[in-house]
2 protein chains.
Amino acid sequence: MAQDISSQVLKGILQGVILMILNKKAEYGYGLSQEMNRYGLSSVPKGTIYPLLTAMEKRGFITGKRKASTLGPTRKYYYITATGKQEKDRFIQEWSQLQKSVNTLIKEESHD
Amino acid sequence: MAQDISSQVLKGILQGVILMILNKKAEYGYGLSQEMNRYGLSSVPKGTIYPLLTAMEKRGFITGKRKASTLGPTRKYYYITATGKQEKDRFIQEWSQLQKSVNTLIKEESHD
DNA sequence: TAGACTAGTTTGCTTTACAAACTAGTCATT
DNA sequence: AATGACTAGTTTGTAAAGCAAACTAGTCTA
């Protein structure tokens with residue numbers, strides 16, 4: 001398994017990543033965290049993820065609904081909104097632009 | 001020209017980008033800012049870039065030397081250190097891992 | 001009943017981001 | 001010689017983020 005991505009680099013894109021996951025299916029904070037691990041996005045601390053989800057709800061990108069679980073405490077599932085989908089698309093565009101810029105820099109340094 | 005990258009997304013990688021540019025040649029803050037624009041990395045505010053350069057010098061990644069300019073105030077040129085080169089390589093690895101993870105997510109959503 | 005795992009909230013500290021104000025140099029107009 | 005535009009850097013003050021840690025609380029197994 002590849003090395004973990006430092007929270008430093010992950011910071012800016014965390015919201016975008018969450019929106020992409022929630023666009024596929026509704027998830028709750030704890031599950032989201034595990035889902036990200038599966039994608040190689042190293043464990044985001046709960047002190048970061050839960051407040052971020054709350055902030056994203058305030059911004060109108062997602063909505064949360066509490067649901068009881070048969071195997072633990074109640075979960076708070078988050079659903080992406082129409083605004084959230086727009087924001088997700090905006091993120092994808094920005095990401096592709098960023099990729100281009102950074103990869104150009106990396107390529108230049110390797111064949112100098 | 002493509003749309004600008006929000007400071008939000010740029011945040012985590014700003015230090016890595018600066019290290020890559022300084023690895024090619026020494027630069028001063030203002031010139032660095034213009035160089036980044038050329039790579040499509042939208043104008044980083046001076047309130048961010050100058051303090052970051054100072055912090056990077058404290059961390060030992062770069063060293064600054066003042067040099068007079070014939071066409072303006074004195075400039076502070078920054079040179080990458082051996083530690084900085086290590087950090088730069090670490091960044092490149094992390095970046096490639098991040099790219100894999102995020103692109104997997106994007107691909108999945110497009111063919112669902 | 002104690003420990004492990006799940007699930008979420010809240011608090012408090014530290015770091016970061018950055019607009020804005022300020023100093024200071026050159027150069028072209030007016 | 002004064003004004004404005006561009007270059008170049010520092011400092012200050014505020015706001016926002018990140019997150020460890022403490023706390024509550026549910027299930028399940030030993």
Side-chain angles (χ1 to χ4, degrees), chain A residues 4-18 21-22 26-38 41-59 61-79 91, chain B residues 4-18 21-22 26-38 41-59 61-79 91 94 98:
Chain A
D4 276 355
I5 293 160
S6 78
S7 75
Q8 172 73 1
V9 173
L10 197 52
K11 272 175 198 172
I13 63 147
L14 195 50
Q15 179 180 282
V17 164
I18 289 174
I21 294 175
L22 293 184
E27 264 295 359
Y28 56 102
Y30 196 88
L32 212 43
S33 167
Q34 295 174 128
E35 187 80 4
M36 279 186 272
N37 286 341
R38 249 171 271 135
L41 303 168
S42 82
S43 58
V44 179
K46 28 171 42 181
T48 296
I49 201 159
Y50 288 115
L52 176 58
L53 286 170
T54 306
M56 285 171 69
E57 188 169 23
K58 251 175 222 156
R59 285 173 205 143
F61 298 151
I62 57 177
T63 47
K65 274 164 203 160
R66 295 196 149 279
K67 278 189 186 171
S69 164
T70 48
L71 42 77
T74 60
R75 301 168 173 175
K76 197 163 169 186
Y77 280 86
Y78 286 98
Y79 300 78
F91 168 76
Chain B
D4 276 354
I5 293 160
S6 78
S7 75
Q8 172 74 0
V9 173
L10 198 52
K11 271 175 198 171
I13 62 146
L14 194 51
Q15 179 180 281
V17 164
I18 289 175
I21 293 174
L22 293 185
E27 264 294 0
Y28 55 102
Y30 195 88
L32 215 43
S33 167
Q34 294 174 128
E35 187 80 3
M36 279 186 274
N37 287 340
R38 249 171 271 136
L41 302 169
S42 83
S43 60
V44 179
K46 26 168 44 179
T48 296
I49 201 159
Y50 288 115
L52 176 58
L53 286 170
T54 305
M56 285 171 70
E57 187 168 22
K58 254 176 219 153
R59 285 171 204 143
F61 298 151
I62 58 177
T63 46
K65 274 163 202 159
R66 293 196 151 281
K67 280 187 186 175
S69 165
T70 48
L71 40 77
T74 60
R75 301 169 173 173
K76 198 164 170 187
Y77 280 85
Y78 286 99
Y79 298 80
F91 168 76
E94 246 180 52
L98 182 70

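In what follows, every chain begins at residue 1, and chains take the letters A, B, ... in the order their sequences are listed.
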Engineer: Any side-chain heavy atom of B/Ile18 sitting closer than 4.5 Å to one from B/Ile62?
Structural biologist: no
Engineer: Can you tell me how far C1' of C/dT16 sits from CG of B/Leu10, to the nearest Å?
Structural biologist: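 Distance, rounded to whole Å: 14 Å.
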Engineer: Can you see if the side chain of A/Thr48 gets near the phosphate of D/dG18 - specifically, an N or O under 4.0 Å from OP1 or OP2?
Structural biologist: no
Engineer: Please compare A/Pro51 and A/Gly72 by the position of their nearest nucleotide in DNA chain D and report the one closer to 5'.
Structural biologist: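 Per heavy-atom nearest nucleotide, the more 5' residue is A/Pro51.
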Engineer: Given D/dT11, C/dA7, D/dA8, identify the nucleotide with an atom nearest to the side chain of B/Leu71.
Structural biologist: D/dA8
Engineer: Rounded to the Å, how far apart are A/Leu52 CG and D/dA17 C1'?
Structural biologist: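 Nearest whole value for this atom pair: 10 Å.
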Engineer: Hey, mind stepping through A/Leu41 and B/Leu98 against side-chain contact (heavy atoms from CB on, under 4.5 Å) and telling me if it holds?
Structural biologist: CA-CA 7 Å; A/Leu41 303 168; B/Leu98 182 70; 4.0 Å; yes
Engineer: Between C1' on C/dA7 and CD on A/Glu27, what's the gap in Å once rounded to a whole number?
Structural biologist: 13 Å
Engineer: Does a side-chain N or O of B/Tyr30 approach OP1 or OP2 of D/dT7 to a distance below 4.0 Å, or not?
Structural biologist: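 Answer yes for this pair, as a side-chain N or O of B/Tyr30 is under 4.0 Å from OP1 or OP2.
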Engineer: Report yes if the side chains of A/Lys65 and A/Tyr79 come closer than 4.5 Å at any heavy-atom pair, otherwise no.
Structural biologist: yes
Engineer: Quick one: are B/Tyr78 and B/Glu57 in side-chain contact, heavy atoms under 4.5 Å?
Structural biologist: yes
Engineer: Would you say the side chain of A/Val44 lies within less than 4.5 Å of the side chain of A/Leu52, judging by non-hydrogen atoms?
Structural biologist: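 In short, these two side chains do not touch, never coming nearer than 4.5 Å.
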Engineer: Quick one: A/Gln34 CD to C/dC5 P, roughly how many Å, whole number?
Structural biologist: 12 Å
Engineer: Would you tell me if any nitrogen or oxygen in the side chain of A/Arg66 comes within less than 4.0 Å of OP1 or OP2 on C/dT9?
Structural biologist: yes
Engineer: Taking the side chain of A/Pro73 as its heavy atoms from C-beta onward, which of C/dT6, D/dG9, C/dG8 lies nearest to it?
Structural biologist: C/dT6
Engineer: Rounded to the nearest Å, what distance is computed from the CG atom of residue A/Leu53 to the P atom of nucleotide D/dG18?
Structural biologist: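 Roughly 12 Å, once rounded to whole Å.
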Engineer: Please state whether the phosphate of D/dA8, meaning OP1 or OP2, lies under 4.0 angstrom from any side-chain nitrogen or oxygen of B/Lys67.
Structural biologist: no
Engineer: In this structure, how many angstroms lie between the P atom of D/dA8 and the CD atom of B/Glu35, rounded?
Structural biologist: 13 Å
Engineer: Does B/Arg59 place a side-chain N or O at less than 4.0 Å from the phosphate oxygens OP1/OP2 of C/dT15?
Structural biologist: no
Engineer: Looking at every strand, decide which applies to A/Thr74 at a 4.0 Å heavy-atom threshold: base, sugar-phosphate, or nothing.
Structural biologist: sugar-phosphate
Engineer: Report the distance from atom OH of A/Tyr78 to atom P of C/dT9, rounded to the nearest whole Å.
Structural biologist: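 For the pair A/Tyr78 OH and C/dT9 P, the rounded distance is 5 Å.
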Engineer: Check the distance between D/dT27's P and A/Arg75's CZ and give it to me in whole angstrom.
Structural biologist: 12 Å
Engineer: Within less than 4.0 Å of OP1 or OP2 of D/dA21, is there a side-chain N or O belonging to A/Lys46?
Structural biologist: no
Engineer: Heavy atoms under 4.0 Å, any strand shown: does B/Thr54 hit a base, just sugar-phosphate, or nothing?
Structural biologist: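 Touches nothing.
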Engineer: Taking only side-chain N and O atoms of A/Tyr50, does any of them lie within less than 4.0 angstrom of OP1 or OP2 on C/dT9?
Structural biologist: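 It does not, given that no N or O in the side chain of A/Tyr50 lies less than 4.0 Å from OP1 or OP2 of C/dT9.
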